[in-house]
Amino acid sequence: MACESALPAIMDEQALMGLNPNADACYRQRALAYFEQLKESLDGWEVCAEALAKGVYSDDHVKFFCFQVLEHQIKFRHGSLTAAQQQLIRETLMKWLQAQLMNVRPEKPFIRNKAAQVLALTFVMEYVTLWPKFFFDILNLVGLNPNGVDIYLRTLMAIDAEVVDRDILHSPEETRRNTLIKDGMREQCIPALVESWFQILQTYQHTHSELTCQCLEVVGAYVSWIDLNLIANDRFVNLLLSHMSMEELREEACDCLFEIVNKGMDPVDKTKLVESLCQVLQSAGFFNIEQEEDVDFLAKFSRLVNGMGQSLVLSWTKLSKMGDIKVSAETLRAVEAKVPLMLQLLIHEDDDISANIVGLCYDYLHVLKQLPVLNEQQKSNVEAIMLAVMNKLKYDDEYNFENEGEDEAMFVEYRKQLKMLLDRLAQVSPELLLEAVHRVFNATMQNWQAVQFMEVEVAIRLLYMLGEALPASHGAHFSGDTTKTSTLQSMMRTLISCGVSEYQHSSVTLEFFETVVRYDKFFLVEPQHIPSVLMAFLDHRGLRHSSPKVRSRVAYLFSRFIKTLHKHMNAFIEDILSRIQDLLELAPPENGFPALLSSDDQLFMFETAGVLIVNGESPAERKQALMRSLLTPLMEAFRMLLAKLPREADEERQAVLTDCLSHAVGFASRTSKAFSNKQTVKQCGCSEVYLDCLQTFLPALSCPVQRGSLRSAVRSFLHRMIICLEEEVLPFIPAASQHMLKDCEPKDLQEFIPLISQITAKFKNQVSPFLQEIFMPLVMAIFEVLSRPAEENDQTAALEKQMLRRSYFSFIQTIASSGMNEVMASQGAENIERVLFTIIQGAVDFPDPIAQKTCFIILSRLVELWGGKDGLVGFPDFIYKHIVPACFMAPLKPTFDLSDAQTVLTLSECTLTLHMIHLKRGPECIQFLQEYLPSLQVSPEITQELCQVLQQPDVKVLKNYMKVFFQQAKL
């Protein structure tokens, strides 16, 4: 050995005991500490090397530990090891490998994988410079010994992961290194490796299927970047084909052929390769899939056929673009020849087999779409794909609708793929699709009572899918093209009148309502069908269905249906309201019975009720009475629950009551969605009832318990009322704000600021006195929360503070841009200065480009307002002392990343601030810059240049200049 270790191969035995997963915590702790010690020690790892080379330990966890220590040295310390130490690592690995050849029982797979990883890392570090004979040394040592071959193949896969795998992100340095390695391998050893693979496959195909499969995986992994002729030749392909007939090998052989077919190459060569492979597979009988019972193999075979077909389509596309008419026509014929097999796989009862060929079907349809005219065979192919899709869309008997698991999720995904095929079919031949769906739909609906649920569901589903497959502007499916319109209208008429909504299966029920709502514009053309559909929504078929899942979805669909057709609802309003009255009740917290609808579903019901009342044709008094009868029960329940809440000691009960209170506010808020603005609220005579709601809900702000949730609910209601009641809300705002600023959490403030900003932007000078009053208390509350200490690595607290800071700056921006400078100007010099310093700090010190951008917008606006001759006293001084320096200090910070789009926007606002200063201060600003810039080590020439650019009128030129200026300054 070139370098005997100075340390005897004795390890801390007690620490090693801690490597066992079942060891006590104190031993595990000691093992961790020992691992760190060996990693950091300059030669401690040599103990592990010796233990591996001499096979000192039989415990698997200790062996794994030794490899981990070695791995750390190679990964992070290789460059600093002496030549002798590097040689020791090589010898250790080869001695360990040699020992494997003698083992009667091979090591556990996790140790073999770790050893392969360490060998691969050593290869990556040393192949180009120190160990060019890596593969020859290993091959000479292991020969065809099965234990040795296993490690060799695992090492090849580990090298693939390190050097080739495209799913792993590599740095530019690693990418350069990997290219060198691959180039070196192609020149020196790839033929020898390929020969070794052939020998392994031939030797072990009958006796050791696991090794053979491993070797096939290696071939598949390496074929993408080595010379294909080494693999795509008679002896290799014949060997692979013989594996296709061997039960234990054929799935892996399929995958290997797939990788060969997938290799990027010249389109003509690719077509030849695929066609020769197809011929061989066909003559060997692999295309006769009806005799094949092994579905796992057929799924792999389907993927292979998909790969071959897609390769041919890609070749056809390239050849067509090159204008090679003869060869592209031959390639198209080759694609067409695969269609019968493609269709057999697509229609296969196993969905995995079918799903694996969908890509080729899609690409084939894309080819047909580009052809000027389709021949009879192609039309027949389109129809066959269409029928296959319609058939495969059906649920099977095993699908569990009430408790959907992994199998169900996979079928839903598969259905999405089929939907894409259907959409593509519609692009190729819309008339054919419409006709086929019409035929299937009519046949099923005529006889729905006698048909299985999956047939009925898919018939309605196809009608639903036509809505996207044959798109119409804004869902106008019932105007324009008469064939399409009359066909869709006829199907909708049948759907509603044939009684299928009574079908006793939830999937059919849901599909019925989904389709009715998708084609809600149908009822504008034929409103006579509205009553029967309304009844379906309101009775046991819809909102009273036995399945909670159906009721929930129907609540949402009903709200959409009513919103679209509210003009046609006048005759039914009061009937609907009385029928859904029990669904508009606030579920009391102590009720043990499950409600028909969840609170989320009820939101849709309240919105629906609001839309019906507001859009009806009854007089304002009637609308007011209806709205009051809808909202009064909510207010009464709210008062009662709010009185109960502070007296409730149990926290869980408090939370339940609070949820109930929040729902009451949310429901009331949702009814107001029917109004677009104050005008409509007034017209309906509903202002008073919403003001009553406000007075009912606001006391919750001073509730001593469950403050966060209650504030959140009331705040949302206030947002809605500002839109619906406008200035009528204003008397309530001061008291509400006072309560909301008491004992704030960051989230409370963050949500409160948008409310104040909304009021500021909407009412401007009307609320100026209120804002002057609340400005400093709000600012002080924000400062207090931001100054609270937090754990250094508490990401949540840091993010909350960042969001609060952004909200604060947005608030200042709203005030500044609403032309309400008196709000800030009236706060007294000391307070103004304090706020201004926070804006400077936000612009410069916090690496948050979103907040920085807002700060520069504020500074620019303040310069515009106060920077002129009659501006705020002392402000010009502040401009030169703080704002101008901020415009340079912020972009010069290392965290100011000019390759980031958001940061570039910040720089743009920073530039506009400088521009505004020059506009307001003129030559004085230029004079200041000529004195200030040299202090930043800016040369006289550049200073002069910057001042000249600043004085010309085009801001775009200035923005471009400043970007280059800071890019240069950061070099």
Side-chain angles (χ1 to χ4, degrees), residues 555-556 558-560 562-563 577 580 583-587 597-615 623-624 626-642 657-682 684-701 703 706-733 736-737 739-740 747-748 751-752 754-759 762:
Y556 162 71
F558 186 49
S559 79
R560 275 187 47 191
I562 297 293
K563 268 190 212 168
L577 289 173
I580 64 172
L583 302 176
L584 297 168
E585 287 169 7
L586 188 68
L597 295 178
S598 72
S599 54
D600 284 348
D601 302 331
Q602 279 185 287
L603 285 169
F604 292 115
M605 298 310 296
F606 275 97
E607 186 175 346
T608 304
V611 169
L612 285 167
I613 293 167
V614 171
N615 291 293
K623 288 185 182 181
Q624 185 185 8
L626 288 171
M627 195 60 90
R628 194 165 277 288
S629 68
L630 180 64
L631 294 174
T632 301
L634 291 177
M635 290 190 266
E636 286 169 357
F638 188 91
R639 286 191 201 99
M640 184 188 75
L641 293 169
L642 188 61
L657 287 170
T658 306
D659 271 352
C660 216
L661 285 161
S662 299
H663 294 326
V665 180
F667 296 159
S669 190
R670 199 60 173 257
T671 60
S672 74
K673 283 246 174 158
F675 302 108
S676 49
N677 53 27
K678 185 187 175 188
Q679 199 54 39
T680 48
V681 184
K682 272 228 161 107
C684 298
C686 292
S687 303
E688 200 180 296
V689 67
Y690 282 108
L691 287 169
D692 288 351
C693 284
L694 255 181
Q695 280 174 318
T696 305
F697 299 152
L698 285 176
L701 293 174
C703 182
Q706 298 286 325
R707 208 179 272 124
S709 304
L710 290 173
R711 280 179 178 176
S712 210
V714 175
R715 207 168 24 238
S716 297
F717 188 69
L718 276 168
H719 276 296
R720 281 295 311 152
M721 291 305 102
I722 289 165
I723 295 165
C724 295
L725 300 175
E726 297 191 359
E727 66 277 355
E728 289 183 75
V729 172
L730 293 180
F732 298 94
I733 297 295
S737 301
H739 287 303
M740 285 196 252
K747 189 168 176 288
D748 291 330
E751 289 179 0
F752 176 59
L755 180 69
I756 296 297
S757 296
Q758 185 188 10
I759 292 164
K762 190 165 185 68

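Residues take their numbers from the sequence shown, with the count starting at 1.
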**OP:** Could you tell me whether the side chains of Ser669 and Arg720 share a donor-acceptor contact shorter than 3.5 Å?
**Re:** no

**OP:** Would you check if the distance from the ring center of Phe697 to the ring center of Phe638 is below 6.0 Å?
**Re:** yes

Original post:
How many angstroms lie between atom SG of Cys686 and atom CG of Leu626, to the nearest 0.5 angstrom?
Top reply: 9.0 Å

Original post:
Is there a side-chain contact between Phe604 and Arg560 (heavy atoms, below 4.5 Å)?
Top reply: no

Subject >> Atom pair CG/CG of Leu631 and Asp692 - distance to nearest 0.5 Å >> reply: 9.5 Å

**OP:** Report the residues that fulfil side chain to side chain donor-acceptor pair (under 3.5 Å) with Asp659, sequence neighbours left out, ordered by chain and then residue number.
**Re:** none

**OP:** Would you check if Met740 and Ile756 make a side-chain contact, meaning some heavy-atom pair closer than 4.5 Å?
**Re:** no

Original post:
Is Leu584 close to Phe606 at the side-chain level, that is, under 4.5 Å between some pair of heavy atoms?
Top reply: yes

**OP:** Considering non-hydrogen atoms only, spot the tightest contact between Val614 and Lys623 and give its length.
**Re:** O-NZ, 2.9 Å

**OP:** Write down the atom of Leu630, the atom of Gly610, and the distance for their closest heavy-atom approach.
**Re:** CD2-N, 4.4 Å

Show me, pair by pair, the donor-acceptor contacts under 3.5 angstrom made by side chains of residues 721-730, not counting sequence neighbours?
from: Glu727; atom 1: OE2; to: Lys678; atom 2: NZ; distance (Å): 2.7

Subject >> Minimum-distance pair of heavy atoms, taken over all atoms of Cys660 and Leu586 >> reply: O-CD1, 3.7 Å

Original post:
How long is the gap from CE on Met640 to CG on Leu657, to the nearest 0.5 Å?
Top reply: 9.0 Å

**OP:** Could you tell me the separation between the CD atom of Glu585 and the CE atom of Met605, rounded to the nearest 0.5 Å?
**Re:** 12.0 Å

Subject >> For Asp748, salt bridge (charged side-chain N to carboxylate O under 4.0 Å, His left out) partners two or more places apart >> reply: Arg711

**OP:** Report the residues that fulfil salt bridge (charged side-chain N to carboxylate O under 4.0 Å, His left out) with Arg639, sequence neighbours left out, ordered by chain and then residue number.
**Re:** none

Original post:
With side chains defined as the heavy atoms from C-beta onward, is the minimum distance between Thr696 and Leu642 less than 4.5 Å?
Top reply: no

**OP:** Could you grab the distance from atom NE2 of His739 to atom CZ of Phe752, nearest 0.5 Å is fine?
**Re:** 11.5 Å

Subject >> For the student: nearest non-hydrogen atoms of Leu710 and Ala700, plus distance >> reply: CD1-O, 4.0 Å

**OP:** State, with a plain yes or no, whether a side-chain heavy atom of Met635 is found less than 4.5 Å away from one of Val689.
**Re:** yes

**OP:** Please report the closest heavy-atom contact between Gly685 and Gln624, naming both atoms and the distance.
**Re:** O-CG, 3.0 Å

Original post:
Which word best sums up how the rings of Phe675 and Tyr690 line up, parallel for under 30°, tilted for 30 to 60°, or perpendicular for over 60°?
Top reply: perpendicular

Original post:
Can you check whether Arg670 reaches Gln602 side chain to side chain, under 4.5 Å on heavy atoms?
Top reply: no

Original post:
With sequence neighbours left out, what residues match Glu751 under salt bridge (charged side-chain N to carboxylate O under 4.0 Å, His left out)?
Top reply: Arg715, Lys747

Subject >> Heavy-atom side-chain proximity of Ser716 to Val665 below 4.5 angstrom >> reply: no

Original post:
Once you round to the nearest 0.5 Å, how far does CG of Leu597 lie from CG of Leu583?
Top reply: 5.0 Å

Subject >> Minimum-distance pair of heavy atoms, taken over all atoms of Ala609 and Leu577 >> reply: CB-CD2, 3.8 Å

Original post:
What residues form a salt bridge (charged side-chain N to carboxylate O under 4.0 Å, His left out) with Asp600, not counting sequence neighbours?
Top reply: none

Original post:
Under 3.5 Å, is there a donor-acceptor pair between the side chain of Glu607 and the main chain of Ala674?
Top reply: no

Original post:
Within the side chain of Ser672, is there an N or O that forms a donor-acceptor pair under 3.5 Å with the backbone of Ala668?
Top reply: no

